[in-house]
S.K.: 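Submitted below is the structure of interest, expressed as structure tokens.
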Amino acid sequence: MSKRYTITAALPYTNGPIHIGHLAGVYVPADIYARYLRLTGNDVAFMCGSDEHGVPITIKAKKEGVTPQDIVDKYHAIIKKSFEDFGITFDNYSRTSAKIHHDTAQEFFKTLYNKGEFIEEVTEQLYDEEANQFLADRFVTGTCPKCGNEEAYGDQCENCGTSLNATDLIIPKSAITGNTPTLKQTKHWFLPLDKHEDFLKEWILKGHKKDWKPNVYGQVKSWIDDGLRPRAVTRDLDWGIPVPVEGADGKVLYVWFDAPIGYISATKEWAEREGKDWEPYWKDENTKLVHFIGKDNIVFHCIIFPSMLKAEGSYILPDNVPANEFLNLEGNKLSTSKNWAVWLPDYLEDFPGQQDVLRYALTANAPETKDNDFTWKDFQARNNNELVAIFGNFINRVVVLTRKYYEGVVPEPSKLRDIDEKTLAALRAYPEVISSSIERYRFREASQELMNLARLGNKYLADEEPWKVIKEDEARTKTIMYIALQIAGALAILSEPFLPFTSKKLKEILAMETPEMAGGYISDRFIKGVSWKNLKDRISLDNFIKPGHCIEEPQLLFTKIEDKDIQAQLDKLETSKKANEAANKVAEPQKEEITFDDFTKLDLRVGTIIEAEKMPKAKKLLVLKVDTGIDTRTIVSGIAESFTAEEVIGKRVTVLVNLAPRKLRGVESEGMILMTESPEGKLVFVNPDANQDVANGLQIS
RNA sequence: UGAGAUAUAGCUUAAUUGGUAGAGCAUCGCUCUCAUAAGGCGAAAAGUUUAGGUUCGAUUCCUAAUAUCUCAACCA
């Protein structure tokens with residue numbers, strides 16, 4: 001039965017290109033889903049676009065000395081091209097700087113405003129006079145009122161872990177100019193999420209207990225149980241969508257408010273272009289709305305955006321939000337700043353025409369229920385052992401034999417044996433099996449079922465041995481080859497959502513029509529009108545790869561990836577990471593001049609760590625006992641992310657001994673150990689030259 | 001710090017409402033020769049992170065602990 005679907009994929013933020021993590025977590029699964037639904041005859045609107053507002057873009061622009069518009073233009077183009085290159089079939093890829101989006105978002109805001117869905121509040125915020133702007137919490141540092149740490153951020157003190165407001169900080173400083181900010185009144189609008197709490201409980205906690213993924217459901221439940229509070233929907237900023245009401249000069253919509261509305265504006269833009277009506281895709285109860293996102297976006301898509309849609313009143317709500325977890329790369333988190341990533345444009349340069357290999361490797365190893373690791377070795381294995389050896393090889397065997405025995409003409413089968421019936425029965429079940437996995441958002445399982453179909457083909461050939469039978473029973477050989485060809489044909493159809501480029505190639509080999517031919521004149525030599533839905537019946541009726549149909553020359557669908565290609569990728573990761581670190585390493589300017597007297601105030605001693613243990617429930621802290629020569633004292637040090645307690649024992653260190661004692665997590669720390677940092681961000685002890693015999697307690701001057 | 005998710009063969013993972021833990025890769029045998037030195041068959045390999053509890057019976061439910069990740073805190 002045909003149904004209307006609106007599918008959205010998280011809007012990529014335009015402050016960089018996209019990498020395999022984005023692809024694996026969001027865009028490939030979303031594309032598989034969208035393609036599958038189209039193939040099964042549904043009405044699909046698959047929407048995405050660039051998310052181009054928000055503070056980080058203005059920061060990046062400032063850093064590079066260009067305008068925010070320059071930044072978003074650059075990355076919008078790169079990202080859009082990557083999606084096209086990888087066969088992500090958005091019906092529209094828009095951008096939030098588009099006029100239609102500004103209009104849509106403003107209109108949305110105004111509707112809520114007029115309905116009285118917002119709360120207005122005037123608060124005092126820190127303001128940087130020189131930069132002429134209000135400061136986001138992140139851009140204020142100062143002294144923590146709890147523990148006295150002088151480097152606390154406006155949102156949290158990294159030292160004691162307390163959550164803060166920027167205005168709580170003692171001696172606040174602007175991270176932009178270094179000036180002391182002033183307090184200034186500002187008015188903002190808030191969406192009272194608490195007002196929608198009952199509805200959210202009913203809709204999600206009761207209504208979607210069974211069909212939403214546990215991580216999504218759990219996250220939402222925890223938020224709701226915690227009690228929802230009003231969220232600001234506007235900001236003081238000059239980059240974004242102006243707040244469309246009186247007295248809101250210099251204010252824009254908060255980026256998370258405008259971004260999800262981007263799905264709606266993208267749909268409008270598309271509908272206009274295609275001459276359709278956009279409204280059914282967002283307002284008809286029979287439309288199924290599905291958001292594909294990463295796990296970091298759960299709250300916005302499950303609580304905030306639905307609350308907005310509900311408050312507006314005329315919109316439908318998502319049927320499911322199948323958020324994925326994250327993908328790691330070779331054991332480490334993907335990181336743009338450390339350049340620890342596989343960027344899509346780079347991949348295509350090194351593996352031209354091999355989009356499907358990456359799509360497949362990412363699907364087969366997708367982080368559906370937990371974070372997963374992408375390794376090049378696994379990538380190679382997926383290609384060589386599965387795509388080449390099982391899928392590609394099966395197709396090649398069938399096509400080569402058909403050309404060899406019958407000059408490419410599909411032979412006429414005779415009476416079927418038991419094994420033929422069984423094989424055909426198994427074959428006919430596959431569309432259903434794969435559908436079931438896809439509809440439950442289990443894409444890695446679905447991709448493995450596809451591979452199992454190719455295995456079925458290989459086994460059938462191995463069992464029936466047409467290359468032997470041809471010597472004694474030509475009729476039987478024809479039957480065998482006919483059945484093998486049905487399997488090859490089914491692979492061409494069923495692989496399309498996962499391996500669209502391969503599917504097209506395979507259809508060309510088998511002389512089947514491809515989606516690209518749609519609309520034009522199609523010669524009778526092509527097989528036509530096969531769909532995911534009618535495949536089963538056409539096989540049953542001998543109306544699929546029919547006897548007498550002529551197939552093309554064989555060509556290889558996949559090629560082996562050699563060890564050296566994989567090594568090259570590993571080396572590349574390592575070098576680009578290093579290069580990036582070097583480039584990012586900017587020496588801090590020299591601090592204010594001090595007198596010799598200032599220096600002599602510091603009492604630095606050589607010491608040895610004699611005991612160490614991990615501070616319970618703290619990520620960074622080790623509790624150390626240090627022999628300073630004058631005494632043995634306890635020092636709490638934030639080095640646990642770089643060292644284990646064991647490896648630190650016996651280390652020679654430099655200790656600042658006359659630092660005023662301070663309690664960290666209830667343990668009195670009497671002094672400080674001098675550290676510096678390696679390029680990888682790992683801490684390094686500043687200690688006496690290991691070759692010299694230096695006694696503990698010696699002063700350093 | 002508070003909350004959520006995850007933990008199953010060497011690796012990646014599956015297991016309807018509790019009922020003999022099922023695959024793939026890698027490994028090791030056997031085997032075919034149409035095919036990209038590919039295919040097929042078979043074997044070995046886990047008793048489910050740890051400690052308790054409920055139950056006739058627990059991977060599954062409960063409690064606690066540990067580890068990893070995420071959110072709260074503008075990177076899929």
Side-chain angles (χ1 to χ4, degrees), chain A residues 9-13 15-16 18-27 51 53-57 136-138 153-157 160-164 213-223 225-226 235 254-256 259 292-300 323-328 333-337 364-365 367-373 375 377-378 381-382 384-390 392-402 404-405 442 444-445 448 451-452 454-455 457-463 465-468 470 481 484 554 556-560 617-619 665:
Chain A
L11 305 183
Y13 199 60
N15 63 348
I18 55 169
H19 53 60
I20 54 170
H22 302 104
L23 212 52
V26 177
Y27 305 106
D51 176 10
H53 297 133
V55 176
I57 282 169
D137 287 350
R138 261 290 176 78
Y153 286 96
D155 48 5
Q156 185 201 28
C157 172
C160 65
T162 330
S163 308
L164 302 168
K213 293 170 69 165
N215 57 334
V216 177
Y217 183 86
Q219 190 70 228
V220 171
K221 186 172 185 315
S222 115
W223 259 68
D225 290 350
D226 226 29
R235 292 234 98 186
Y254 209 173
V255 62
W256 63 253
F292 283 87
I293 57 168
K295 66 171 157 181
D296 55 329
N297 248 327
I298 291 172
V299 170
F300 293 110
N324 269 334
E325 303 281 309
F326 282 179
L327 190 71
N328 293 327
K333 276 191 226 190
L334 286 162
S335 162
T336 306
S337 56
N365 199 25
E368 285 178 358
T369 55
K370 62 172 185 194
D371 288 3
N372 250 336
D373 199 21
T375 63
K377 196 166 162 278
D378 180 74
R382 292 283 181 194
N384 293 356
N385 305 335
E386 298 183 21
L387 293 176
V388 175
I390 298 180
N393 187 39
F394 169 67
I395 297 300
N396 194 43
R397 301 168 81 179
V398 174
V399 175
V400 166
L401 286 177
T402 306
K404 193 161 160 186
Y405 298 161
R442 299 166 74 141
R444 52 189 301 163
E445 182 180 274
Q448 290 314 295
M451 200 50 66
N452 283 340
R455 287 193 171 98
N458 276 320
K459 181 164 167 51
Y460 180 76
L461 284 185
D463 288 348
E465 303 178 302
W467 48 90
K468 269 190 192 165
I470 187 88
M481 289 314 300
L556 296 182
L557 295 177
F558 303 100
T559 52
K560 268 206 148 186
K617 302 208 173 192
K619 222 189 278 179
R665 295 259 166 134

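Lettering follows sequence order; numbering is per chain, from 1.
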S.K.: Could you give the distance separating B/rA45 and B/rC56 at their C1' atoms, to the nearest angstrom?
M.R.: 31 Å
S.K.: Using the P atom on both, measure B/rA14 against B/rU6 and round to a whole Å.
M.R.: 11 Å
S.K.: Would you please name every residue forming a salt bridge (charged side-chain N to carboxylate O under 4.0 Å, His left out) with A/Lys221, sequence neighbours left out?
M.R.: A/Asp225
S.K.: Could you pull out all residues at least two apart from A/Arg442 that satisfy salt bridge (charged side-chain N to carboxylate O under 4.0 Å, His left out)?
M.R.: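 Applying salt bridge (charged side-chain N to carboxylate O under 4.0 Å, His left out) to A/Arg442 gives A/Glu445.
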S.K.: What integer distance in Å separates A/Gln219:CD from B/rA73:C1'?
M.R.: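 The answer, rounded to whole Å, is 13 Å.
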S.K.: For A/Tyr217, check side-chain hydrogen bond (donor to acceptor under 3.5 Å, both in side chains) against everything at least two apart and list the hits.
M.R.: none
S.K.: Going 5' to 3' through nucleotides 32-45 of chain B, assign each nucleotide B (protein heavy atom under 4.0 Å from a base atom), S (under 4.0 Å only from sugar-phosphate atoms) or - (no protein heavy atom that close).
M.R.: SSBBB-SSSS----
S.K.: Quick one: list whatever passes salt bridge (charged side-chain N to carboxylate O under 4.0 Å, His left out) with A/Lys404, sequence neighbours left out.
M.R.: none
S.K.: I'd like to check the ring pair (Phe, Tyr, Trp, His ring centres under 6.0 Å) partners of A/Tyr13; sequence neighbours left out, ordered by chain and number.
M.R.: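 Not a single residue meets the ring pair (Phe, Tyr, Trp, His ring centres under 6.0 Å) criterion with A/Tyr13.
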S.K.: Tell me, please, which residues at least two apart from A/Asp373 pass salt bridge (charged side-chain N to carboxylate O under 4.0 Å, His left out).
M.R.: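 Per chain and number, A/Asp373 pairs via salt bridge (charged side-chain N to carboxylate O under 4.0 Å, His left out) with no residue.
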S.K.: With A/Lys377, which residues qualify under side-chain hydrogen bond (donor to acceptor under 3.5 Å, both in side chains), at least two apart?
M.R.: none
S.K.: For nucleotides 10-15 of chain B, give me one character per nucleotide, 5' to 3': B if any protein heavy atom sits under 4.0 Å from the base, S if the only such contacts are to the sugar-phosphate, - if neither.
M.R.: --SSSS
